[in-house]
> 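Have a look at this one before I ask anything.
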Amino acid sequence: MNPREAFPFPKTVTEAVELQLRLREQVREEPLDTEAVRLVAGTDVSFGRSGSEAWAGIVVLRLPEMQVVEETVVCTTVSFPYVPGLLSFRESPPLLEAWQQLNTKPEVVLCDAHGRAHPRRFGMACHFGLLVDTPTVGCAKSLLCGAVARSSSAGEDWQPIYEGEDLLGAALYTQPSAQPVYVSVGHRVDLPSALGIVRRCVRGHRIPEPLRLAHELVTRARRGAA
DNA sequence: GCGACAG
DNA sequence: ATCTTGTCGC
């Protein structure tokens with residue numbers, strides 16, 4: 001499949017939903033050798049008060065040392081509003097600009113959003129993964145749909161997220177007495193791999209390092225602009 | 001009809 | 001996400 005098919009960015013909600021339903025057929029779910037991954041990236045976007053200016057940032061880290069290899073930030077204007085379920089149409093365009101500036105492309109990307117744990121099973125992590133044709137993992141701070149289930153077949157540090165019969169992802173407990181992060185498949189990874197890579201990126205905080213650093217990066221950029 | 005709702 | 005101070009806990 002040609003990644004560029006994911007590129008037209010709709011102007012209307014109806015059009016955007018139709019595109020999601022079409023693009024979700026192109027998402028591939030497959031295992032990733034997480035222990036072999038050397039380069040991981042985290043993405044984040046920060047908005048100005050007006051809501052139209054956005055700072056998008058990407059930080060690439062080398063595993064297992066977790067040293068920053070490269071980071072890029074861009075400031076642009078966004079046109080699509082925030083609509084629950086359509087986050088990708090607001091945040092992906094700025095992130096793509098930051099991605100283009102990147103010289104070192106990572107092997108896997110952590111997105112501050114959901115992947116499969118989405119009403120139409122096509123959250124931003126899925127969309128962005130298609131756009132850049134790179135494995136992506138959704139790692140969100142709250143649920144958009146579904147609920148954490150109690151399952152004895154789950155691991156010590158995670159519990160499955162279900163919506164009816166659909167396994168959407170996993171609540172990963174990255175810190176003692178802290179809310180979990182919600183991990184789901186983006187593109188070209190499966191759930192065990194997604195959990196594996198996120199675990200490798202956790203360093204004493206609830207939020208995995210790539211996402212923490214990306215958040216700091218865009219926050220700094222926005223402060224510096226004012 | 002009502003509430004919920006990634007960032 | 002953004003607007004915001006102090007405060008509780010590891």
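Note on naming: letters A, B, ... go to the chains in the order of the sequence lines (proteins, then strands), and numbering restarts at 1 for each one.
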> Please report the distance, rounded to the nearest Å, between CD in Gln175(A) and C1' in dC10(C).
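Distance, rounded to whole Å: 10 Å.
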> Can you tell me how far P of dA6(B) sits from NE2 of His127(A), to the nearest Å?
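Distance, rounded to whole Å: 19 Å.
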> Any side-chain N or O of Ser177(A) under 4.0 Å from OP1/OP2 of dG9(C)?
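So the side-chain polar atoms of Ser177(A) never come under 4.0 Å of the phosphate oxygens OP1 or OP2 of dG9(C).
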> Take atom CD of Glu163(A) and atom C1' of dA4(B), then tell me their distance rounded to the nearest Å.
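That distance rounds to 12 Å.
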> Between Glu70(A) and Thr104(A), do the side chains contain a donor N or O and an acceptor N or O under 3.5 Å apart?
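Looking only at side-chain atoms, Glu70(A) and Thr104(A) do form a donor-acceptor pair, the distance falling under 3.5 Å.
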> How close or far is atom P of dG7(B) from atom CG of Leu110(A), stated in whole angstroms?
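That distance rounds to 14 Å.
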> Taking atom P of dC10(C) as reference, at what distance in whole Å does atom NE2 of His205(A) sit?
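After rounding, the reported distance stands at 17 Å.
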> Test side-chain contact (heavy atoms from CB on, under 4.5 Å) on Phe80(A) and Phe9(A); report intermediate values, then the result.
CA-CA 9 Å; Phe80(A) 209 91; Phe9(A) 284 101; over 6 Å; no
> For Ala113(A), answer base if it contacts any base atom (sugar-phosphate contacts may also be present), sugar-phosphate if it contacts only those atoms, and nothing otherwise; contact means non-hydrogen atoms under 4.0 Å.
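Base contact.
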> Under the 6.0 Å and 45° cation-pi test, does Arg90(A) pair with Phe47(A)?
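Yes, cation above the ring, under 6.0 Å and within 45°.
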> Using whole Å, report how far CD of Gln20(A) lies from C1' of dA6(B).
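So the two atoms are 12 Å apart, to the nearest Å.
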> Please evaluate residues Val45(A) and Val78(A) with respect to the criterion side-chain contact (heavy atoms from CB on, under 4.5 Å), reporting the C-alpha separation (whole Å), side-chain torsions for both, the decisive distance (0.1 Å), and the verdict.
CA-CA 11 Å; Val45(A) 183; Val78(A) 293; 5.9 Å; no
> Can you tell me if Lys141(A) touches the phosphate of dG7(B), counting only side-chain N or O atoms and a distance under 4.0 Å to OP1 or OP2?
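So the side-chain polar atoms of Lys141(A) do come within 4.0 Å of the phosphate oxygens OP1 or OP2 of dG7(B), strictly under.
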> Whole angstroms only, please: what is the OH-P distance between Tyr182(A) and dA6(B)?
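In whole Å, dA6(B) P lies 12 Å from Tyr182(A) OH.
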> Tell me what Ser46(A) touches on the nucleic acid: a base, only sugar-phosphate, or nothing, going by heavy atoms under 4.0 Å.
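Sugar-phosphate only.
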> Would you be so kind as to tabulate the donor-acceptor pairs closer than 3.5 Å made by side chains of residues 30-37 of chain A, with sequence neighbours excluded?
unit_1	atom_1	unit_2	atom_2	d
Glu30(A)	OE1	Arg28(A)	NE	3.4
Asp33(A)	OD1	Glu35(A)	N	3.4

> What's Tyr82(A) touching, base or sugar-phosphate or nothing? Going by heavy atoms closer than 4.0 Å.
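Counting heavy atoms under 4.0 Å across all strands, the contact made by Tyr82(A) includes a base.
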> If you only use heavy atoms from C-beta on, which nucleotide in dA1(C), dG7(B), dC3(C) is closest to the side chain of Arg49(A)?
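Looking only at heavy atoms from C-beta outward on Arg49(A), the closest nucleotide is dC3(C).
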> Please give, in whole Å, the distance from dA6(B) P to Leu172(A) CG?
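So the two atoms are 20 Å apart, to the nearest Å.
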> Would you sort out whether His187(A) and Phe128(A) count as a ring-ring contact (aromatic ring centres under 6.0 Å, His included), showing the intermediate values?
CA-CA 8 Å; His187(A) 181 48; Phe128(A) 192 71; over 10 Å; no
> From the options dG7(B), dT2(C), dC5(B), select the nucleotide whose nearest atom is closest to the side chain of Arg222(A).
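From the listed options, dT2(C) comes nearest.
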> Once you round to the nearest 0.5 Å, how far does CZ of Phe122(A) lie from CG of Leu86(A)?
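Going from the CZ atom of Phe122(A) to the CG atom of Leu86(A) covers 11.0 Å.
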> Under a cut-off of 3.5 Å for both distances of each Watson-Crick or G-U pair, what dot-bracket string does DNA chain C give, using [ ] for crossing pairs and | for inter-strand pairs?
..........
> Is Leu86(A) touching bases, backbone alone, or none of the nucleic acid, heavy atoms closer than 4.0 Å?
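Result for Leu86(A) = base.
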> Select base, sugar-phosphate, or nothing to describe what Gly138(A) touches, counting heavy atoms under 4.0 Å on all strands.
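No contact at all - Gly138(A) keeps every heavy atom at 4.0 Å or more from the nucleic acid.
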